Protein chains: 2
Amino acid sequence: MSTLYDMSPTIDYDAPTPPYQQIAAEIIRDIESGKLAVDRPIPSESTLIQRWGVARDTARRAVRHLRELGFVYTVPQRGTYVRDRTGSETE
Amino acid sequence: MSTLYDMSPTIDYDAPTPPYQQIAAEIIRDIESGKLAVDRPIPSESTLIQRWGVARDTARRAVRHLRELGFVYTVPQRGTYVRDRTGSETE
DNA sequence: TAAGATTTGTGCGTATGTATT
DNA sequence: TAATACATACGCACAAATCTT
């Protein structure tokens, strides 16, 4: 037990950026590093909640932020996936 | 219909404890009184939903609470059962 | 073998109340 | 006042395993 996510990042509540942005930034790193591939799901809300120890509200803010930045797209009742960002930016 | 559970308890939304804890407390009483025996299933989520008139989220919170307190264990796709609490507490 | 019901697991959308900054 | 965060609650939909018919 406890091997997979021992390296999970932690929220820095003293940082200038709010928690939801720290979580989003971490996911962006995983997208740009290829750990999260196009059309593959990003961690679920409950996963983010557990891994970061934040409230659902904060996890949802992070996902919404990623969506607004164009990194992911959400399919209702299914999940949120990495968006293909090659080529045009306008969907 | 309506004879067996006319005496079913009701949620007090003005109480200091949240609904999910009130539901859990009632189940704990049933466990400790012997109405719910070891390795016997506690009411299913849908039963709790109907009997207490709450949302599934609330019913699940109650069950999760019982699990965290060590009163029950859940078998996926089967149900949640009363845990044997005699002897050691550690697993 | 197959269909249907049951039950838990999961994901998402939304809302209210409280607290902190 | 506003933004952020946490806790709680209600609703809907689909998946997967199990059990019944």
Side-chain angles (χ1 to χ4, degrees), chain A residues 4-5 8-27 30-31 36 39-83, chain B residues 1 4-5 8-27 30 36 39-83:
Chain A
L4 268 178
Y5 293 112
S8 60
T10 311
I11 298 294
D12 178 5
Y13 288 95
D14 295 321
T17 54
Y20 80 88
Q21 286 183 22
Q22 294 180 41
I23 296 174
E26 172 69 18
I27 295 175
D30 288 343
I31 290 175
L36 292 174
D39 290 329
R40 294 295 302 170
I42 67 172
S44 69
E45 287 183 3
S46 57
T47 299
L48 293 180
I49 290 168
Q50 291 177 34
R51 199 168 309 174
W52 291 83
V54 296
R56 189 185 179 194
D57 183 74
T58 304
R60 290 175 62 89
R61 275 173 191 274
V63 175
R64 186 184 66 185
H65 191 55
L66 290 169
R67 204 158 42 227
E68 290 171 347
L69 293 179
F71 282 98
V72 302
Y73 62 94
T74 295
V75 181
Q77 271 71 55
R78 292 306 312 270
T80 296
Y81 305 83
V82 176
R83 189 158 168 262
Chain B
M1 180 194 280
L4 268 178
Y5 293 111
S8 60
T10 312
I11 298 292
D12 177 7
Y13 287 95
D14 295 321
T17 54
Y20 81 88
Q21 286 183 24
Q22 296 179 42
I23 297 174
E26 172 69 18
I27 296 175
D30 288 344
L36 291 174
D39 288 329
R40 293 296 300 170
I42 69 171
S44 69
E45 289 179 3
S46 58
T47 299
L48 294 179
I49 289 167
Q50 290 176 35
R51 197 166 310 173
W52 292 84
V54 296
R56 192 183 177 195
D57 182 74
T58 306
R60 286 177 65 80
R61 270 176 194 276
V63 175
R64 186 184 65 186
H65 191 56
L66 291 169
R67 208 159 39 228
E68 290 172 347
L69 292 177
F71 282 97
V72 303
Y73 61 92
T74 296
V75 181
Q77 275 69 56
R78 291 296 313 270
T80 296
Y81 305 82
V82 176
R83 189 157 167 261

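So you know, we letter chains A, B, ... as the sequences are listed, proteins then strands, and number each from 1. From a predicted model like this one, the values you see are computed outputs, not experimental measurements. The analysis underlying the following values was restricted to heavy atoms, covering all of them including side chains, and did not include hydrogens, waters or symmetry mates.
Counting only heavy atoms from C-beta on, B:T58 has its side chain closest to D:dC10 among D:dT4, C:dT7, D:dC10. For A:Y20, counting side-chain heavy atoms from C-beta on, the closest listed nucleotide (D:dT8, D:dT4, D:dG11) is D:dT4. Here the side chain of B:D57 is nearest to one of D:dC10, C:dG9, D:dT8, namely D:dC10. Checking C:dT7, D:dG11, C:dT8 against every side-chain atom of B:E45, the shortest atom distance belongs to C:dT8. For B:R60, the listed nucleotide lying nearest its side chain is C:dT10; candidates were C:dT7, D:dG11, C:dT10. For B:S44, counting side-chain heavy atoms from C-beta on, the closest listed nucleotide (C:dT8, D:dT8, D:dC10) is C:dT8. For B:P18, the side-chain atoms get nearest to D:dT8 when compared with the rest of C:dT7, D:dT8, D:dG11.
Put simply, CZ on B:R67 is 10 Å from P on C:dT8, counting in whole angstrom units. The interatomic distance linking B:E68 (CD) with D:dA7 (P) rounds to 12 Å, in whole Å. Protein atom CD1 of B:I11 is 14 Å distant from nucleotide atom P of D:dT8, rounded to whole Å. Taking atom CG of residue A:L48 and atom C1' of nucleotide C:dC12, one finds them 13 Å apart after rounding to whole Å. Rounded to a whole Å, the CD1 atom of B:I23 is 13 Å from the C1' atom of D:dC10. B:I49 places its CD1 atom 13 Å from the P atom of C:dG9, with the value rounded to the nearest Å. Atom-to-atom, CZ of B:R78 to P of D:dA16 comes out at 19 Å; the value is rounded to the nearest Å. C:dT16 atom P lies 16 Å from atom OH of B:Y13, rounded to whole Å.
A donor N or O paired with an acceptor N or O is found under 3.5 Å between the base of C:dG9 and the side-chain atoms of B:R56. You'll find a donor-acceptor pair under 3.5 Å spanning the side chain of B:Q77 and the base of C:dT8, going by distance alone.
Judged by distance alone, the side chain of B:E45 and the main-chain N or O of B:R56 form no donor-acceptor pair under 3.5 Å.
With hydrogens and angles left out, the side-chain atoms of B:T80 and B:R67 include no donor and acceptor closer than 3.5 Å.
Of the candidates B:T74, B:V82, B:T47, B:I42 forms a side chain to side chain contact (heavy atoms under 4.5 Å, CB included) with just one, namely B:V82.
Residues B:H65 and B:F71 have side chains not in contact (no heavy-atom distance under 4.5 Å, counting atoms from C-beta outward). Residues B:L66 and B:I27 meet the side-chain proximity criterion, which asks for heavy atoms closer than 4.5 Å.
Residue B:V54 is in sugar-phosphate contact alone, with no base atom involved, counting any heavy-atom pair closer than 4.0 Å across all strands shown.
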